[in-house]
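Counting begins at 1 with the first residue of the sequence. Order of appearance sets the numbers: ligands from 1, and atoms from 1 within every ligand.
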Amino acid sequence: MTHDSSLAVVILAAGLSTRFKSATPKVLHSLGGKPLLEYSLELATALTDAPPILVVGPETETEIRAWLGERAQLVVQSNRLGTGHAVMQAQAALEGRARHVLVLYGDMPLLQRGTLQALHERATATDAAITMMTVTRDDPQGFGRIVRDASGQISAIVEQAEATPEIAAIRELNVGIYTFNAAFLWMHLPQLQPSPRKGEYYLTDLVGMAAAERLPIESLQTSDPLETLGINTRVELALAAKTLQRRINEHWMLEGVTFQDPETCYLDSTVTIGRDTVILPNTHLRGKTTVGASCEIGPNSVIENCTIGNRCRVTASVLEEAVMEEGSNIGPFGHLRKGARLCRGAHMGNFGEMKNSTLGPGAKMGHFSYLGDAIVGADANIGAGTITCNFDGKRKHPTTIGEGAFIGSDTMLVAPVEIGAGARTGAGSVVTHDVPPDSVAYGVPARVREKKDQES
Ligand code: UD1
Ligand code: CA
């Protein structure tokens, strides 16, 4: 990471985004698990410690500010008079603060850190008036055309609305990302004139001004046109999501993770995965999820904010804010909810649900069970259909099951209740009182009938 306090970043996000047709500000729409705007903020933060200036429209200001907190300085552009006008809104806050000013868009999430670093290095090395990114694309729709003179120097950017057919045919396009020499920028920005066709202050006119004064203009071509994708519609949002997904999955494949069908696996950028783990189709890994080494995850699993140790298996299950320790497994069709923990080697089979509960080391809960607010000791066996009745209609109550206990099929554990270590309950029992260690209880309501050592 380069930290250069002499760089200031301005992020433009005041556009109307009408094509999104949304009540939510476009830049707050989620992409790969985080708001669109987060991508530009992260790029800015990677380049400089100084918080960026974010230019927003008046109708999105409140919502964006609430999400943003102190991470950027908001500037409101009340009447949208173009990209040049948008940057003018930042002049008072930035003038005299930095040697270079980087202009980014809030809706260009695929831009890579390395590309911006290269742009910044070029700007610092050459100290050109403008160092800008260009892209060559077959479909120039809406982009400004890069006009070069006979010697190949950039002489102007011409917007589509103003382009002659000859200029419109140019395929080198303006990405909209520039590093300006700050002195140049703040001196020339106030000289911009409204464009003849649209009456907007075009930031791009600064290029013509610099060329007219024979000031150096540098450019950097990106080799990946997708990087410059601006998100104007939900079609582009989906395309960006697909591209991000591919990047993330390829990253993990190169780190030693196998994907049987990466096209169907959706990982947030915040997820981490250990080596030799296999991800099977239709797997969603979200939020702050970490998966250990040599696991098998999927198919058909959704895992959010979970910590999964090494050598675990998750088959067709849904996990939220849960922990799986080394060698534990779940599924098919298990559901771990908030606060669920499968300890080392624990097994949870078909149609189980756990919430705020711990299944101890080596414990087993094979079929059709619910554990809520329960702690199950090591090597206990939870029989098919066991339910902790933890909710009395008003409050939740705890259940404790001791080490090595054997809970018979279809036992109802009416909480609060404690089953001692090594105790057994008979099939179909409704347990309303504590069962001492090493004893056997059965019936409805269950009574302690015998000590286990008297059994045989
Ligand atoms: C601009 C460039 C064009 C370039 C294209 C790349 C100008 C004049 N043209 O096109 O050369 O090829 O980007 O996408 O700069 N915004 C504001 N306030 C405004 C207008 C825009 O904040 O008044 C913001 C938008 O929210 C967006 C960005 O600026 O993030 C670009 O706006 P957009 O309208 O998409 O770009 P164009 O002006 O069409
Ligand atoms: Ca745009």
Side-chain angles (χ1 to χ4, degrees), residues 9-20 22 25-29 35-37 39-41 43-44 52-61 64 72 74-91 102-111 130 132-137 139-147 154 156-163 167-168 170-178 180 185 188-189 192-209 217 219 221-222 225-233 236-237 240:
V9 181
V10 180
I11 301 171
L12 304 187
L16 269 178
S17 316
T18 40
R19 287 192 283 161
F20 237 70
S22 176
K26 176 178 81 175
V27 291
L28 294 187
H29 275 254
L36 202 47
L37 189 53
Y39 293 85
S40 309
L41 289 173
L43 287 171
I53 304 273
L54 179 66
V55 185
V56 297
E59 57 292 289
T60 57
E61 181 196 354
I64 291 178
L74 273 199
V75 172
V76 179
Q77 184 190 21
S78 298
N79 32 5
R80 282 176 197 77
L81 295 174
T83 48
H85 184 257
V87 177
M88 285 176 197
Q89 313 309 307
Q91 180 157 3
L102 169 67
V103 175
L104 295 179
Y105 292 168
D107 61 0
M108 214 177 261
L110 299 182
L111 203 59
I130 304 171
M132 55 179 291
M133 284 183 57
T134 72
V135 64
T136 300
R137 284 178 30 162
D139 169 22
Q141 206 56 48
F143 279 70
R145 310 299 201 272
I146 306 289
V147 182
I154 294 179
I157 299 175
V158 178
E159 292 306 303
Q160 173 138 327
E162 329 278 342
I167 285 176
I170 294 174
R171 288 297 175 265
E172 189 185 5
L173 310 171
N174 174 32
V175 173
I177 305 295
Y178 331 77
F180 290 99
L185 177 67
H188 291 77
L189 197 61
L192 286 179
Q193 299 298 319
S195 66
R197 287 281 171 81
K198 293 174 107 183
E200 287 187 2
Y201 295 87
Y202 288 163
L203 190 61
T204 46
D205 284 351
L206 292 176
V207 171
M209 287 186 190
I217 301 165
S219 68
Q221 274 239 20
T222 161
L226 267 181
E227 219 187 330
T228 64
L229 179 75
I231 311 298
N232 300 306
T233 66
E236 286 159 341
L237 186 70

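Here the closest non-hydrogen pair linking G84 and L192 is CA-CD1, 3.8 Å. Of all non-hydrogen atoms in P140 and R171, the two that sit nearest each other are CG-NH1, 3.4 Å. Summarising the geometry of I154 relative to M132, their closest heavy-atom pair is CD1-SD, 4.0 Å, with the distance given to 0.1 Å. Of all heavy-atom pairs between L226 and L110, the closest is O-CD1, 3.3 Å.
Looking at G82, G144, G84 and measuring to atom 20 (C) of ligand 1, the nearest heavy atom belongs to G82.
Within the 4.0 Å heavy-atom shell around ligand 1 one does not find G230. The shortest separation from a heavy atom of V55 to ligand 1 is not under 4.0 Å, leaving the residue out of contact. Heavy-atom distances between L16 and ligand 1 stay at or above 4.0 Å for every pair. Distances shorter than 4.0 angstrom do not occur between any heavy atom of H85 and any atom of ligand 1. Using a 4.0 Å cutoff on heavy atoms, L81 counts as a contact of ligand 1.
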Test side chain to side chain contact (heavy atoms under 4.5 Å, CB included) on Y178 and L203 and set out the steps. CA-CA 10 Å; Y178 331 77; L203 190 61; 3.6 Å; yes
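Close approach to N174 involves these atoms of ligand 1, each under 4.0 Å from a residue heavy atom: 2 (C), 3 (C), 4 (C), 6 (C), 11 (O), 12 (O). Near A14, the atoms of ligand 1 lying under 4.0 angstrom from a non-hydrogen atom of the residue are 17 (C), 18 (N), 22 (O), 26 (O). Under a 4.0 Å criterion applied to the non-hydrogen atoms of T204, ligand 1 contributes the atoms 7 (C), 8 (C), 9 (N), 11 (O), 15 (O). Ligand-side atoms of ligand 1 in range of A86: 17 (C), 18 (N), 22 (O), range being under 4.0 angstrom from any heavy atom. Under a 4.0 Å criterion applied to the non-hydrogen atoms of V175, ligand 1 contributes the atoms 6 (C), 14 (O). Interface atoms of ligand 1 facing G15, defined by a heavy-atom separation under 4.0 Å, are 16 (N), 17 (C), 22 (O), 25 (C), 26 (O).
Residue T228 does not touch ligand 1, judged by heavy-atom distances below 4.0 Å.
Between N232 and ligand 1, a contact under 3.5 Å exists for no N or O pair. Considering backbone and side-chain atoms alike, Q77 places an N or O below 3.5 Å from some N or O of ligand 1. At a 3.5 angstrom cut-off on N or O pairs, E200 does not count as close to ligand 1. Any N or O atom pair closer than 3.5 Å counts here, and M108 shares no such pair with ligand 1.
Residues passing the side chain to side chain contact (heavy atoms under 4.5 Å, CB included) test with A14, sequence neighbours excluded: V55, Q77. Checked against side chain to side chain contact (heavy atoms under 4.5 Å, CB included), E200 has the following partners two or more places apart in sequence or in another chain: S195, K198, Y202.
A 6.0 Å sphere centred on CZ of R137 holds more than 12 heavy atoms belonging to other residues, nucleotides or ligands.
In summary, of the residues considered (D107, T18, T233), a side chain to side chain donor-acceptor pair (under 3.5 Å) with K26 occurs for D107 alone.
One N or O on the side chain of R145 and one on the backbone of A168 form a donor-acceptor pair closer than 3.5 Å.
Atom CG of L111 is separated from atom CG of L104 by 7.0 Å, given to the nearest 0.5 angstrom.
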